[in-house]
Amino acid sequence: MRSLLAIYPGSFDPVTNGHLDLIERAAQLFERLIVAVLQNDGKEPLFTTAERIEMLREATRGWPNVEVDMFGGLLVEYARQKQARVIIRGIRAVSDYEYELQMALMNRKLAPEIETVFLLPAEAYSYLSSRLVKEIARLGGSVHGLVPPIVEQRLRVKVR
Ligand code: PNS
């Protein structure tokens with residue numbers, strides 16, 4: 001697998017330590033990894049695409065084979081354009097599986113040459129999600145240890 005380019009797509013609004021755990025695992029398996037941020041400003045994310053990319057770049061600085069990019073439109077079209085054969089997705093719990101299975105099979109229908117590879121994050125992150133991180137920050141709770149320091153700082157400013 002080391003000769004392959006993989007794409008790890010997501011909203012990353014914002015990136016959490018769970019995402020970073022997955023990025024580290026994928027970066028060890030594949031020669032190159034592109035973390036691809038969905039440009040979904042229409043869905044009213046807390047952070048703009050540019051902010052999400054900036055935080056991801058800062059948090060992944062230590063991994064030389066990891067790039068951060070953005071994409072719009074169909075994921076498989078973006079993967080084809082990058083000549084990637086693999087899409088990485090994380091599964092935290094059984095509850096993720098149904099949605100991920102549906103998406104992976106639909107992507108396979110659209111682009112049979114591209115494989116979805118599921119990775120499991122460390123158990124410590126199995127309850128962690130960007131949605132909960134945002135809720136905790138909005139309500140004044142601590143997100144220390146759940147997100148990288150850059151996200152902790154930016155969240156503090158955002159929800160002030
Ligand atoms: O972090 P998320 O929000 O779970 O990531 C979802 C994402 C970005 C992987 C998914 O929404 C996606 O691939 N969107 C791009 C549009 C697309 O290709 N839709 C068809 C999926 S079968």
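Both backbone and side-chain heavy atoms feed into the values below; hydrogens, waters and symmetry mates do not. Remember, it's 1-based here, ligands and their atoms both numbered in the order they're listed.
Near Met106, the atoms of ligand 1 lying under 4.0 angstrom from a non-hydrogen atom of the residue are 22 (S). Numbered from 1 in the order shown, with element, the atoms of ligand 1 that lie under 4.0 Å from a heavy atom of Asn107 read 21 (C), 22 (S).
In this comparison of Val76, Leu38, Ile87, Leu74, the heavy atom closest to atom 8 (C) of ligand 1 sits on Leu38. Heavy-atom proximity to atom 15 (C) of ligand 1, evaluated over Ala104, Ser130, Gly90, Gly73, is greatest for Gly73.
In terms of protein heavy-atom proximity, atom 10 (C) of ligand 1 is nearest to Met103 SD, 3.9 Å.
The shortest N or O to N or O distance between Leu75 and ligand 1 is below 3.5 Å. In terms of polar-atom proximity, defined here as any N/O pair under 3.5 Å, Ser11 does make such a contact with ligand 1.
Between Glu77 and Arg80, at least one side-chain nitrogen of the basic residue sits less than 4.0 Å from a carboxylate oxygen of the acidic one, meeting the salt-bridge criterion. Checked for salt-bridge contact, Arg89 and Asp96 miss the test: no charged N lies under 4.0 Å from a carboxylate O.
When the options Leu29, Val117, Val86 are evaluated for a side chain to side chain contact (heavy atoms under 4.5 Å, CB included) with Leu4, the one that passes is Val86. None of Leu101, Ile87, Leu105, Leu75 except one satisfies the side chain to side chain contact (heavy atoms under 4.5 Å, CB included) rule with Thr116; the exception is Ile87. Shown are Ile88, Val15, Leu56, Asp69; of these, the side chain to side chain contact (heavy atoms under 4.5 Å, CB included) with Val35 is made only by Leu56.
The closest side-chain heavy-atom distance from Tyr78 to Leu38 is not below 4.5 Å. Between Tyr8 and His19 there is a side-chain heavy-atom pair separated by less than 4.5 Å.
Under a 4.0 Å heavy-atom criterion, Tyr78 is not in contact with ligand 1.
When heavy-atom distances to ligand 1 are checked against a 4.0 Å cut-off, Arg89 comes that close only through its side chain, counted from C-beta outward.
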